[in-house]
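Take a look at the structure set out below.
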Amino acid sequence: MTEVEQAPPGVDSTTPTPARLYDYYLGGSNNFAVDREVAERLRTSLPELTDAAWANRGFHQRAARWMAAEHGIRQFIDLGSGLPTQGNTHEAVSQVAIDARVVYVDHDPMVIAHAMALLSSANATTVIQADLRDPAAVLGHPELRSLIDCSQPAGLLMTAVLHFVADESDPWGLVARYISELAPGSYVALSHATADRLPPRAVQAMYDTYSRATEKIYLRSKAEFERMFNGLELVTPFGGADPGVTFVGKWGAEDPSAADSDGSRVLYSGVARRP
Ligand SMILES: C[S@@+](CC[C@H](N)C(=O)[O-])C[C@H]1O[C@@H](n2cnc3c(N)ncnc32)[C@H](O)[C@@H]1O
């Protein structure tokens with residue numbers, strides 16, 4: 001069977017997508033030749049690609065588990081959830097909270113097709129196809145409303161997704177809008193790609209890769225990332241640190257200096273509480 005035949009209905013297998021590229025970086029098999037080709041070209045300028053993807057995925061899992069274990073969060077909204085992979089949010093959280101509810105949201109039809117197949121066996125999880133740039137559609141979705149009680153604290157996860165949102169779509173305002181709909185005591189985890197520690201060749205390769213994909217990428221500085229937490233209380237990212245943002249590998253790491261790899265420095269991360 002060819003890859004075109006394997007593509008779920010509505011999926012274009014000829015243009016790379018952020019979800020399938022990321023799946024390939026993580027070593028997954030839910031990707032097509034066109035994704036692998038541009039990813040391998042990117043890897044020649046950014047050899048730490050796989051390390052960066054795993055550092056981000058680890059942050060996502062640690063942040064969700066931390067919200068459940070340390071703050072009793074039992075309901076999660078995972079915006080830009082990506083293709084199912086090892087340690088999906090409901091699996092990571094179930095290690096500490098078997099009763100947690102998770103709403104996955106993504107706009108990529110391939111993500112929805114694969115997530116639905118995986119989640120058919122999981123209780124208290126659902127997947128919604130929606131564009132996070134339309135918060136009214138996401139927050140008003142009946143399936144989200146049936147699983148998330150907005151009068152109780154929730155965990156909002158927006159990891160490795162806001163760098164696909166252009167300034168004109170106001171990623172800062174979107175974070176503020178989503179968290180404002182959740183109860184005080186809710187937490188938000190964000191990660192975001194940055195050019196701050198990358199050589200110009202790698203930065204250009206990132207822009208070139210995603211200019212060929214369904215979504216462009218927008219690398220942002222530390223100050224621009226920190227602004228996404230305006231009005232929120234950033235937590236301490238690791239033992240001995242002040243509250244604030246850090247590179248993805250270091251957040252929640254037992255040994256932050258060992259986790260401070262080149263790949264980790266491709267993305268910033270932070271977790272904050274809604275007061
Ligand atoms: C790099 S993956 C990140 C997956 C996961 N959040 C993680 O950090 O492991 C980015 C995901 O965001 C999704 N995405 C990008 N822009 C989006 C948008 N405007 N609305 C919903 N999902 C979006 C992509 O389809 C992709 O699945």
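Read the numbers this way: they start at 1 and go in the same order the structure lists the ligands and their atoms. Residue numbers run from 1 in the order of the sequence given.
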Could you state whether Leu162 and Tyr218 fall into the same hydrophobic cluster, counting links through intermediate Ile, Leu, Val, Met, Phe, Trp or Tyr residues with side-chain heavy atoms under 4.5 angstrom apart? no
Can we say Arg41 and Glu37 salt-bridge, meaning some charged N sits less than 4.0 Å from an Asp/Glu carboxylate O? yes
Are Arg65 and Trp251 in a cation-pi contact, defined as NZ or CZ under 6.0 Å from the six-membered ring centre and within 45° of the axis? no
Give me the pairs of N or O atoms, one from ligand 1 and one from the protein, that sit under 3.5 Å apart.
residue  : atom   : partner : partner atom : Å
ligand 1 : 6 (N)  : Gly80   : O            : 2.7
ligand 1 : 6 (N)  : Thr159  : O            : 2.8
ligand 1 : 6 (N)  : Thr159  : OG1          : 2.9
ligand 1 : 8 (O)  : Asn56   : ND2          : 2.8
ligand 1 : 8 (O)  : Thr159  : O            : 3.2
ligand 1 : 8 (O)  : Thr159  : OG1          : 2.6
ligand 1 : 9 (O)  : Tyr22   : OH           : 2.7
ligand 1 : 9 (O)  : Arg57   : NH1          : 2.7
ligand 1 : 16 (N) : His107  : NE2          : 3.4
ligand 1 : 19 (N) : Asp131  : OD1          : 2.9
ligand 1 : 19 (N) : Arg133  : NE           : 3.4
ligand 1 : 20 (N) : Leu132  : N            : 2.9
ligand 1 : 22 (N) : His107  : N            : 3.4
ligand 1 : 25 (O) : Asp106  : OD1          : 2.6
ligand 1 : 27 (O) : Gly82   : N            : 3.4
ligand 1 : 27 (O) : Asp106  : OD1          : 3.4
ligand 1 : 27 (O) : Asp106  : OD2          : 2.6

Which label fits Tyr268 and Phe225: parallel for a plane angle under 30°, tilted from 30 to 60°, or perpendicular past 60°? parallel
Between atom CD1 of Ile112 and atom OG of Ser81, what is the distance when rounded to the nearest 0.5 Å? 6.5 Å
Quick one: are the ring centres of Tyr187 and Trp66 less than 6.0 Å apart? yes
